[in-house]
S.K.: 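After the structure tokens below, expect a handful of questions from me.
The basis for the numbers below is simple: all heavy atoms, side chains too, and nothing from hydrogens, waters or symmetry mates. Starting from 1, each residue takes its place in the sequence as its number.
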Amino acid sequence: MERGAGDRTGSALFAGFRALGLFSTDIPHVVRFSALKRRFYVTTCVGKSFHTYDVQKLSLVAVSNSLPQDICCMAADGRLVFAAYGNVFSAFARNKEVVHTFKGHKAEIHLLQPFGDHIISVDTDSILIIWHIYLEEEYLQLTFDKSVFKISAILHPSTYLNKILLGSEQGSLQLWNVKSNKLLYTFQGWKMGVTALQQAPAVDVVAVGLMSGQVIIHNIKFDETLMKFHQDWGPITSISFRTDGHPIMAAGSPCGHIGLWDLEDKKLINQMRNAHSTAIAGLTFLHREPLLVTNGADNALRIWIFDGPTGEGRLLRFRMGHSAPLTKIRYYGQNGQQIISASQDGTLQSFSTIHEKFNKSLGHGLINKKRVKRKGLQNAMSVRLPPITKFAAEEARESDWDSIIACHQGKLSCSTWNYQRSTIGSYFLKPKELKKDDITATAVDITSCGNFAVIGLSSGTVDVYNMQSGIHRGSFAHKGSVRGVAVDGLNQLTITTGSEGLLKFWNFKNKILIHSMSLDSPPNMMLLHRDSGILGLALDDFTISVLDIETRKIVREFSGHQGQINDLAFSPDGRWLITASMDCSVRTWDLPSGCLIDSFLLDSAPLNVTMSPTGDFLATSHVDHLGIYLWSNISLYSVVSLRPLPTDYIPSVVMLPGTCQTQDVELSEETIEPSDEMIEYDSPEQLNEQLVTLSLLPESRWKNLLNLDVIKKKNKPKEPPKVPKSAPFFIPTVPGLVPRYAAPEQNNDPHQSKVVNLGILAQKSDFCLKLEEGLVNNKYEAALNLLKELGPSGIETELQSLSPDCGGSVEVMQSFLKMIEMMLDRKRDFELAQAYLALFLKLHLKMLPSEPVLLEEMTKLSSQVEENWIHLQSLFNQSICILNYIKSALL
């Protein structure tokens with residue numbers, strides 16, 4: 001039965017779980033101090049939610065629930081965290097739950113300032129609104145003319161009751177009393193836009209950051225400039241002061257540098273160059289501690305400690321992801337706990353699906369690492385390798401030598417990386433005879449033993465290198481650019497494919513061409529599932545071909561994608577092929593049935609897809625996204641319908657999972673909802689009338705019916721049980737003035753009979769009555785159902801009661817034999833019919849020959865049983881013969 005396009009939403013196989021590798025955006029962080037736990041916490045924005053970290057170990061404490069849109073600014077006080085999205089902002093309690101929502105702005109909010117029981121919000125139209133937090137009501141609204149005073153910074157000066165200081169893009173500053181709604185003073189400014197305002201440790205002193213790169217230390221009480229500093233790195237992005245006894249001010253810049261200024265000597269004492277690879281979004285000195293917290297749009301959160309003699313800061317702790325979109329992701333190892341990712345920022349990193357503390361960065365690749373160390377180059381950007389485009393990894397010999405081989409954008413040489421040491425490896429693998437600059441490495445693979453790397457070039461050459469020594473071990477040849485290389489699990493075959501549309505099979509050892517076949521279209525990429533020997537090919541005409549490398553034939557062909565296929569992934573058992581395409585869809589194909597079983601759309605095109613070796617998660621990366629997104633495999637913990645999707649099926653759009661796992665429950669519930677439309681398969685009582693069908697009763701109900709007398713004899717107690725003497729709960733007493741205990745009554749009647757009255761047992765049972773009804777209407781299902789509900793002893797009692805000596809009759813016995821005949825005719829409950837008939841013959845064998853009616857029924861049953869057994873025996877003999885042949889034949 002086919003499903004229509006509207007029968008389900010989302011994916012039936014995968015539910016969004018969480019995102020990895022997201023730590024910070026260009027939104028400044030917020031530092032809070034918990035008086036209860038005596039600890040500092042830092043909160044960073046990651047898209048639609050925010051993370052809260054414990055500064056002491058930089059461990060993740062909480063992840064907030066997601067908001068409808070990306071967060072555009074944040075603020076916090078001692079109890080709540082405020083996050084704005086669009087023209088609305090919300091207050092979060094316990095770093096997680098939305099407890100208040102404030103609506104009233106018409107433009108996007110870009111500034112938030114907590115103010116006691118109130119909070120001030122400013123939008124891009126320079127409309128300032130003061131809200132009462134707990135009443136969610138508007139207290140005051142101030143409107144400024146954008147052309148004259150466009151608010152760009154806000155500050156509540158220390159000890160200035162009910163007053164706020166506003167900075168503008170035009171350069172002037174205004175001091176307002178928000179209680180009386182009065183403008184107290186206007187500072188003329190320095191003819192440059194204000195970008196940052198920060199309270200200095202001294203009262204009445206404020207630091208003002210300008211667009212020109214100047215930092216003005218200004219006394220707002222007397223409107224006097226105390227000192228000026230200038231940085232040549234562009235506008236000041238953020239300012240912070242040390243409060244642990246050192247008169248140091250830190251100022252951030254758009255190029256990632258931080259300047260440290262001595263306020264006593266009024267000079268620059270240190271530069272923290274390249275603290276971040278992008279603009280410094282926020283920097284904060286912790287109160288009374290020599291720690292500086294910084295974050296930036298490079299997806300990094302760093303803590304610097306100032307414990308050196310010259311006042312320089314060194315990196316203490318950090319949480320870092322990729323600062324540019326990913327180019328390749330793959331699971332590493334067999335436990336499914338690590339994902340290696342390469343990015344356009346040139347780094348290679350490993351992310352743990354278990355805990356962030358297991359993340360590690362393998363760093364940037366350097367063209368000449370020894371030269372950089374020897375000469376001490378300050379700017380290592382010039383010697384950094386281009387971004388990694390493709391890589392292959394194998395953990396088999398990771399403790400002995402390099403375990404990762406990677407090719408770089410526009411480079412001929414391929415670099416090796418050591419996962420265990422988390423660094424670039426010893427070799428750059430490239431052919432010695434090639435000197436051309438236009439030849440690049442296009443495909444790589446590493447053997448399952450970890451000893452050899454196979455590299456395909458744009459010139460059509462495929463080279464084999466030894467990973468331990470870096471020695472060249474042979475080559476293969478193609479006419480066109482190599483699009484994919486693969487080696488089977490036993491190092492017997494090397495499979496290569498090129499842009500000319502040929503797929504070639506080579507002997508790995510002697511490099512001899514074994515087989516060549518042409519494809520319908522040039523391939524885009526290739527992936528081999530080594531355990532099953534299945535090869536997946538994504539072609540340029542948006543189709544997928546699946547080959548068996550043993551028979552070297554195409555076994556499946558799939559079509560349906562409307563854009564270039566970016567990546568392929570096999571499930572661990574080789575049953576599913578998952579494809580990601582530029583048409584923003586992720587499709588799952590069932591290889592045994594050759595059908596599309598799942599498809600869903602994403603709001604961003606998937607670039608990479610990889611399946612966990614344990615099958616629990618699917619990981620994807622997307623265009624212009626910095627994170628790795630995990631999708632849980634619903635089929636592992638829920639019933640999933642794997643019916644083929646119709647050709648006109650229109651997939652629905654699924655949102656990318658966030659960093660919070662609580663929302664994933666909602667996603668999974670939405671995904672599981674369509675399971676209601678799945679047809680619940682009710683197994684019929686009999687598949688076919690010609691098939692012998694057994695009952696579903698346990699063996700204890702019928703297997704030992706012939707041995708009940710032996711079992712009873714074995715279970716018979718050796719001596720009668722003795723009742724323990726126990727006092728009654730209430731000891732009876734004889735009424736009177738003196739309390740006396742009543743003596744127990746003894747039964748002195750010696751003539752009382754111990755024989756059970758058989759009058760009740762002499763009545764006919766329900767089973768006998770149903771058998772008598774069966775003689776009339778020829779229906780025995782009710783009698784059979786009664787017999788199925790009984791235990792072995794009850795069945796024996798019922799069959800004994802069928803004889804005339806025990807209250808039965810010959811007619812009832814004849815009806816029982818007809819019931820057995822009906823069971824054998826229908827070939828249902830086959831083993832019950834045999835067991836019941838055997839017990840019946842054992843109990844009544846002596847009287848059966850004396851009754852002609854019963855003898856006639858027995859003759860019919862005998863021929864019927866013999867006919868069924870001959871048929872079954874022939875089938876058994878045939879099966880045994882085939883099994884013996886398979887075990888003994890030399891195939």
Side-chain angles (χ1 to χ4, degrees), residues 682-708 760-872:
D682 294 328
S683 179
E685 295 185 4
Q686 190 173 18
L687 297 177
N688 193 297
E689 294 181 357
Q690 302 300 321
L691 296 177
V692 171
T693 306
L694 304 181
S695 69
L696 297 177
L697 293 181
E699 291 184 350
S700 59
R701 293 282 190 92
W702 56 269
K703 195 171 185 180
N704 296 317
L705 287 177
L706 292 178
N707 303 319
L708 281 178
I760 300 174
L761 296 179
Q763 298 178 358
K764 292 184 179 180
S765 65
D766 292 339
F767 178 63
C768 288
L769 295 176
K770 295 296 182 184
L771 286 179
E772 289 179 352
E773 292 178 6
L775 276 177
V776 179
N777 54 22
N778 202 24
K779 293 181 180 179
Y780 298 98
E781 285 81 3
L784 179 61
N785 291 334
L786 284 175
L787 209 56
K788 283 183 179 180
E789 295 174 358
L790 299 176
S793 299
I795 293 172
E796 185 186 33
T797 303
E798 290 289 357
L799 295 190
Q800 277 182 341
S801 65
L802 297 181
S803 66
D805 297 338
C806 297
S809 63
V810 176
E811 288 77 13
V812 175
M813 296 177 72
Q814 180 186 6
S815 179
F816 178 81
L817 293 176
K818 285 183 177 294
M819 183 187 76
I820 300 296
E821 185 179 351
M822 178 268 296
M823 295 170 68
L824 293 176
D825 277 340
R826 296 184 179 181
K827 296 185 179 180
R828 284 162 55 177
D829 302 321
F830 192 77
E831 82 280 21
L832 294 184
Q834 302 290 337
Y836 295 161
L837 181 59
L839 181 59
F840 180 81
L841 293 176
K842 178 182 177 181
L843 296 175
H844 306 296
L845 187 61
K846 293 183 180 179
M847 69 163 293
L848 288 177
S850 61
E851 297 292 339
V853 180
L854 299 180
L855 195 58
E856 183 181 355
E857 290 292 337
M858 289 299 301
T859 307
K860 292 180 184 178
L861 273 177
S862 177
S863 60
Q864 195 172 3
V865 170
E866 186 176 2
E867 181 183 350
N868 287 339
W869 173 244
I870 291 173
H871 177 64
L872 286 176

S.K.: Would the number of heavy atoms belonging to other residues, nucleotides or ligands and lying under 6.0 Å from CD of Glu867 be above 12?
M.R.: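 Open: at most 12 neighbouring heavy atoms sit under 6.0 Å from CD of Glu867.
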S.K.: Could you point out which residue of Met822, Glu821, Lys827, Met823 forms a side-chain contact (heavy atoms from CB on, under 4.5 Å) with Asp825?
M.R.: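 Single side-chain contact (heavy atoms from CB on, under 4.5 Å) partner of Asp825 among Met822, Glu821, Lys827, Met823: Glu821.
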S.K.: For side chain to side chain donor-acceptor pair (under 3.5 Å), just list the numbers for Ser695 and Glu831, CA-CA rounded to whole Å, side-chain angles, deciding distance to a tenth of an Å, and then say yes or no.
M.R.: CA-CA 7 Å; Ser695 69; Glu831 82 280 21; 2.5 Å; yes
S.K.: Do Leu861 and Leu817 come close enough that some side-chain heavy atom pair is under 4.5 Å?
M.R.: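 Yes. Closest side-chain heavy atoms under 4.5 Å.
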S.K.: Assess the residue pair Arg828 and Glu685 against the criterion (salt bridge (Lys or Arg N to Asp or Glu O under 4.0 Å)); give the C-alpha distance rounded to whole Å, side-chain angles, the decisive distance to 0.1 Å, and a yes or no.
M.R.: CA-CA 8 Å; Arg828 284 162 55 177; Glu685 295 185 4; 2.3 Å; yes
S.K.: Would you list the atom pairs, donor with acceptor, under 3.5 Å between side chains in residues 781-794 and any protein atom, with sequence neighbours excluded?
M.R.:
{"residue": "Glu781", "atom": "OE2", "partner": "Arg826", "partner atom": "NH1", "Å": "2.7"}
{"residue": "Glu781", "atom": "OE2", "partner": "Arg826", "partner atom": "NH2", "Å": "2.8"}
{"residue": "Asn785", "atom": "ND2", "partner": "Glu781", "partner atom": "O", "Å": "3.1"}
{"residue": "Lys788", "atom": "NZ", "partner": "Asp829", "partner atom": "OD1", "Å": "3.4"}
{"residue": "Lys788", "atom": "NZ", "partner": "Asp829", "partner atom": "OD2", "Å": "2.9"}

S.K.: Locate the shortest heavy-atom distance separating Tyr836 from Leu705; write the atom from each residue and the value.
M.R.: CD2-CD1, 3.9 Å
S.K.: Sequence neighbours left out, cut at 3.5 Å: what donor-acceptor pairs do the side chains of residues 845-859 make with other protein atoms?
M.R.:
{"residue": "Ser850", "atom": "OG", "partner": "Met847", "partner atom": "O", "Å": "2.6"}
{"residue": "Glu857", "atom": "OE2", "partner": "Lys818", "partner atom": "NZ", "Å": "3.2"}
{"residue": "Thr859", "atom": "OG1", "partner": "Leu855", "partner atom": "O", "Å": "2.9"}

S.K.: Would you say that more than 12 heavy atoms from the other residues, nucleotides or ligands in this model lie under 6.0 Å from the NZ of Lys703, or not?
M.R.: no
S.K.: Passes side chain to side chain contact (heavy atoms under 4.5 Å, CB included), Asn868 versus Phe830? Steps please.
M.R.: CA-CA 10 Å; Asn868 287 339; Phe830 192 77; 4.0 Å; yes
S.K.: Who are the side-chain contact (heavy atoms from CB on, under 4.5 Å) partners of Glu689, not counting sequence neighbours?
M.R.: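 Glu689 satisfies side-chain contact (heavy atoms from CB on, under 4.5 Å) with no other residue.
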S.K.: If you count the non-hydrogen atoms of other residues, nucleotides and ligands that lie under 6.0 Å from CG in Leu696, is the total more than 12?
M.R.: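 12 or below, so no.
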